[in-house]
Amino acid sequence: MKTTSIGFLRIGAHRELKKVTESYFKGEIKSEELEKQASILRKTHWELQRDKGLDLIPVNDFSLYDTVLDTAVLLNVIPKRYVQLHLSDLDMYFAMARGYQGKNGDVKALAMKKWYNTNYHYLVPEIEDDTEIRLAGTKIFDECNEALSLGIPIKPVIIGAFTFLQLAHFSGKKTKNDVIASVIVAYTEILQRLQRLGVSWISVEEPALVTDLDNQEIELFRTLYREILKSKNGVHVVCQTYFGDVRDCYEDIVALDFDGIGLDFCEGKETYHILNKHPLPKGKVLFAGIVNGKNIWRNHYEKTLALIDKIKPLTSEIVLNTSCSLLHVPFSTRQETQLPIDCVQHLAFAEEKLTELSELSTLVQSPSLQTEAAYLENVALFASPRTLADEAVQKRVSSLTPADFIRVPDFFEREKIQKEEFHFPLLPTTTIGSFPQTKDVRKNRADFRKKRISAEQYKAFNKKKIAACIALQEEIGLDVLVHGEFERNDMVEYFGEHLNGFLFTEQAWVQSYGTRCVKPPIIWGDVSRCQSITTEWSVYAQSLTSKPVKGMLTGPVTILNWSFPREDIPLKESVTQIALAIRDEVLDLERQGIRIIQIDEAALREKLPLRKADWHTEYLDWAIPSFCLLHSGVKATTQIHTHMCYSEFNDIIADIDAMDADVITFEAARSDLTILSALSAAHFRTEVGPGVYDIHSPRIPSTQEIKSALFKMLEKIPIQKLWVNPDCGLKTRGNSEVKPSLQHMVLAAQSVRNSQ
Ligand code: GLN
Ligand code: ZN
C-alpha cells in the first residue's frame, strides 16, 4: 500500500521559520534571506518525508503565515485597503496577516479564527463586492517546480473551493452564489496548470465537509466540483476531508468525478460505518486517515491493521494517510532529551508518524506478523502499562455521586447571602487577574528556573510585586483585588507543573498562528495535586488589604484543551481528575480565608464538536459538570467567579449558566456588546462582567467611553447583576497604560452608580 500525509508542519525542528520570519518583521534581514531560509526548510522537510518512505509527498502545505491566506492571495482575494498600501507582494501578504502601520498607511489585519476544533488559527478571506476572483498567484506552482527539481514525488495540496467559500467573509452585498463562476474558472486553471507539470495526484482539502451542512451548501459543493473536475484531463484528484466524518454528504462526494476520497478514521467516528454501508465504487482510491495527526501517541498497530483488514474489501485501492495535517503535532521526539525513555517510546510526533505510516504499509503486506520486529515492538509497547497509574485517583473518580456535582444552596439563595456578606456597592469593579508581566517579572522567574537565585529570593521578589500591585489597586479604588499572577508565565503550564500526571517537553512546539507557537503539556498519568499551588501568594496578598482578594485558578476544561490528552481513557475521565485536583486547591484557598475564587475557563469552547448534534453528548455533558464539581464543595458565602476570553457563547448560553458560577467576566468590548441581548433573552442568572474595554490594544479608554459602554449594558442587564472590569488579564500591557485605564474605569463606575 502506498503512503502519504495530508500535510507536514512548517515551522521546522527548531522553530526556524518563526525565528527567520520575526527577524524579517524586525527589519533585520531582507526578503531574499527569508525566501532562502523558507526554501531550505521546505527541502529539508520534503527530503525527510521521502527518506521515511512516503510515496506521495504534500507540496504547498508550506506557508510563511497561513495556508488559507495563501489560497486567498492565489485567488486574488485581497481587500483594496491592502492593495492601496503599495507594498511589495510579500509585505502586502504580511499586512493582511498582521496589519500594517507605517509610512504607507495604517491598516488592521484580516480577522483571525480558530481552525475547526484545533488550536491553530487561520486568516479569514474577505471578499468585497468588487473583488475579482481569478488565478493571480504562483506559489503552488513554484513550490511544485522546486520539489520536482529535487526529484520529490509530489502531491500538490490546496484548500478546496468549497471550504474556501465556507470560510470566506463577504464584506459587501455579494454572497457565495455571486462568485461561483469565477471560483470555478480559477480552480479549473489551477488543475490544468498542475496537470501540465506532470503531477499524478492533487489533493483538494475539504474539511468543511465534516461540519453541519444544509442542502443548499451541499448543492454548492456539487456545483463547484461538477464543473472543476471536468478539467482534470488525466490528473487524479482526491477530495480530502479531515477532523471528523462526512455524515451528510458521503454519497455526494462519491457521485462526483473524484479519483480518490480522503476519510478520517481517527476522529471520524462514523467513517467506517459509512464506508461499510456504501463501499467505494471500483476505480476510486481510498485515502485512509489511520495515523492520528492531532495527538502525540504511538499508533496501536494491532488495532490499525485490524481496521485496514476490515476496510480492504470496501474499496479497490487504499493509500495509507494521516488523519489530518501533521501541522498539529510537534516535530520529533528525538529532541526530547529530558524525558525518560519509557515515556518517549509511547510518543509519536510528526517524524515518528511518518515512520509509522511506512511500517504499517510494510506490515499490511507481511505474510507473518509474528516475524516482524516493528510489529512485535509495538505489541510489547501497548502490553506494558503506563508508569503513572494512580489507583487512589481512579477510585476517587469512580466513587463520585451526582450530588458531588451540585452546589447548594442554589444560585438565587447564594446571591442573597453573598450580597449580605460582601456589601459591594452597585457596579463593583475588579480586574481579570494578571498585571503587567514586565521584564523584571519574567527575569525573576527565569533566574529561579535556571537556579541563578534561591527560592527565598524568588519569593521575596514576587511578594514585593504583589504588595505594590495591592497598593496600586487600593489607590485606584477597585472593589475586588487580585494578586497579579507574577509567578506564572502561562495559565496552563503553571498548573500542569504543579500537578502529578503531566509531562513537559523541551522542543515540542506547535504552531498556533503565524509565528506564534505553543508547547502544550502532555497528560501522561492520572492527575492529582501534590501540594497547594497558589495559596501562598493569595494568602499573602489578602493579608495586605481589607478588601477581598480573588484566588486565581485555571479550570479543568482549559487545562485539558490546551494539553495533549491521553487516548487510553475518555476525556471525561481526564477532565474529572483535573477537576478534583483543582477542587482541592479551591477548598484550600477557602480554608485559608480567601472569600472569592476565580476559575478561568478561557478555552471552554475549544473542543466543542463541529456538529451541533454532538455538542452535548460528546462534550458539554461532561465539560460543564466538571466545572460544577470544582466548586460544589464551597460555602454559600464563598463567591465563585469564572472568566472566558471570548463572548462567542450565544449558542451555548444555557450551558454557561449551568456552570453555576456566581459571577462571570468575559470579553465583549470587541464584539459590539451583541452578547448582551442574548444574555437578557436567556434570563441569564449568573452575575456578569462584560469587559468594558479592550486590553488587546495599548489605547487608554476615556471615562466617558466606559460610561457609555456601561449605560448600554444597563439597557439589557439589571444593575444588581452587573460588574465592571476590563475584558481580559493585563499581563501584556504596560504599567503606564494600566493605571490610567483602570482609574477611568473606576471613575466611570462611580459616576454611573451615582446617577442611579
Ligand atoms: N486570569 C488570567 C489573566 O488575567 C486569565 C487569562 C485569560 O483569560 N487568557 O491573565
Ligand atoms: Zn481572557
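This structure is a prediction, so every number in the text was calculated from the model and none was measured. One-based numbering along the sequence shown. Order of listing sets the numbers, starting from 1, for every ligand and every atom in it.
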I need the minimum non-hydrogen distance between Leu679 and Ile717, along with the two atoms involved.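 Looks like CD1-CD1, 4.1 Å.
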So what's near the Zn ion (ligand 2), protein N, O or S atoms under 2.8 Å?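 Metal shell, protein only: His643 NE2, Cys645 SG, Cys728 SG.
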Establish, from distance only, whether the side-chain atoms of Asp588 and Gln592 form a donor-acceptor pair under 3.5 Å.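 There is no such pair (donor and acceptor under 3.5 Å, judged by atom type) between the side chains of Asp588 and Gln592.
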I'd like to know whether NZ of Lys113 has more than 12 heavy-atom contacts from other residues, nucleotides or ligands below 6.0 angstrom.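 Not buried by this count: 12 neighbours or fewer within 6.0 Å.
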Geometric cation-pi criterion, Arg445 with Tyr458: 6.0 Å, 45°: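 No.
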Evaluate the ring planes of Phe243 and Tyr116, with Trp represented by its six-membered ring, and classify them as parallel (under 30°), tilted (30 to 60°) or perpendicular (over 60°).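 Judged by the thresholds at 30° and 60°, the geometry between Phe243 and Tyr116 is tilted.
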Parallel, tilted or perpendicular: rings of Phe422 and Phe424 (30°, 60°):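 Rings of Phe424 and Phe422: parallel, under 30°.
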Have a look at Val746 and tell me which of Thr429, Val724, Thr703 forms a side-chain contact (heavy atoms from CB on, under 4.5 Å) with it.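 Exactly one candidate clears the test, Thr429.
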What heavy-atom pair brings Thr430 and Pro726 nearest, and what distance separates the two atoms?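 Shortest heavy-atom separation between Thr430 and Pro726 comes out as O-CD, 3.4 Å.
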Could you go through ligand 1 and list every pair where one of its N or O atoms sits under 3.5 Å from a protein N or O, giving the atom names and the distance to one decimal?
from     : atom 1 : to     : atom 2 : distance (Å)
ligand 1 : 1 (N)  : Ile432 : O      : 3.2
ligand 1 : 1 (N)  : Glu485 : OE2    : 2.8
ligand 1 : 1 (N)  : Asp600 : OD2    : 2.7
ligand 1 : 4 (O)  : Ile432 : O      : 3.4
ligand 1 : 4 (O)  : Ser434 : N      : 2.9
ligand 1 : 4 (O)  : Ser434 : OG     : 3.1
ligand 1 : 8 (O)  : His643 : NE2    : 3.1
ligand 1 : 10 (O) : Ser434 : OG     : 2.7

Just by distance, no angles: are the side chains of Glu421 and Thr637 close enough, under 3.5 Å, to form a donor-acceptor pair?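 Note: Glu421 and Thr637 side chains miss the donor-acceptor criterion.
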